[in-house]
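Count residues from 1 along the sequence. All values reported here derive from a predicted model rather than from experimental measurement.
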Amino acid sequence: MSVITNQTSRYWIGVVSASHVHTAVEGGFAQLCHGKAVSLRLMSPGDWLIYYSPRTDMSTGKPLQAFTAIGQVKDSPVYKYQMTESFVPFRRDIRYVPCREVKIASLLNELDFTRGNRNWGFTFRKGHFEIGAEDFMTIAASMINHKDFQIC
């Protein structure tokens, strides 16, 4: 399994419950911040998205605090998707990479955006934020089987 990055790739964290991440991975799309388009429009084809899931389900789920999926933004536009008569969120197509769930606790001291920060969870309240390439590679290496993991 190769993770192809380039100098123009940007790296993002999306905060979504694990049950919603599972739906997104099955459908090959990203949906962030309660279906708003702005977060999806910040991402460009070739960028990478890692989902962080604070809970198993949106409101009443059990605490999880884990990275749950990783994928690359496809060369396709942001689009509307009618889920119900009254809810039409925006989505973006993503090519997900097979991975395992990784608890953030095991990486807190390794990531620039969490290291030494007792209030590390505050950053995740934004719902979507950019991280550096080094943090991306640290998280990706822990999620993807090490023997199959290589940077291209």
- Query: Do S39 side-chain atoms and H128 backbone N/O form a donor-acceptor pair below 3.5 Å?
  - Reply: no

- Query: Just by modelled atom types, is the S76 backbone N or O under 3.5 Å from a matching donor or acceptor in the R92 side chain?
  - Reply: yes

- Is there a donor-acceptor contact under 3.5 Å from the side chain of T84 to the main chain of F87? yes

- Query: Quick one: are L108 and W120 in side-chain contact, heavy atoms under 4.5 Å?
  - Reply: yes

- Pairing residues for D57 by the side chain to side chain contact (heavy atoms under 4.5 Å, CB included) criterion, not counting sequence neighbours: S19

- Note on the structure: Note: with side-chain heavy atoms under 4.5 Å as the link, the other cluster members for M58 come out as none

- Message: To the closest 0.5 Å, what do you measure between OH (Y96) and CD (Q72)?
- Response: 12.0 Å

- Side chains of L107 and V102: does their closest heavy-atom pair fall under 4.5 Å? yes

- Message: A quick test of your reading: do over 12 heavy atoms of other residues, nucleotides or ligands sit less than 6.0 Å from NZ of K103?
- Response: yes

- Would you verify whether the NZ or CZ of R91 falls within 45 degrees of the ring axis of Y81 while also being under 6.0 Å from that six-membered ring's centre? yes

- Message: Using side-chain heavy atoms (C-beta onward) and a distance below 4.5 Å, is Y79 in contact with D93?
- Response: yes

- Task: Please collect all salt bridge (Lys or Arg N to Asp or Glu O under 4.0 Å) contacts where either partner lies in residues 126-137, sequence neighbours excluded, each pair once.
- Result: R10-E130

- Message: I'd like to check F129 versus T123 (side-chain heavy atoms, cut-off strictly below 4.5 Å). Are they in contact?
- Response: yes

- Query: Would you find a donor on one side and an acceptor on the other, under 3.5 Å apart, between the side chain of T56 and the backbone of K62?
  - Reply: yes

- Query: Taking only residues two or more places apart in sequence or in another chain, which ones pass salt bridge (charged side-chain N to carboxylate O under 4.0 Å, His left out) with R41?
  - Reply: none

- Note on the structure: Output for pair (K74 NZ, I94 CD1), nearest 0.5 Å, gives 9.0 Å

- Those residues at least two apart in sequence (or on a different chain) that pass side-chain hydrogen bond (donor to acceptor under 3.5 Å, both in side chains) with R55 are none

- P89 side chain reached by M83 side chain, heavy atoms, under 4.5 Å: yes

- Report the residues that fulfil salt bridge (charged side-chain N to carboxylate O under 4.0 Å, His left out) with E101, sequence neighbours left out, ordered by chain and then residue number. none

- Atom CH2 of W12 and atom OG of S44: how far apart are they, to the nearest 0.5 Å? 8.0 Å

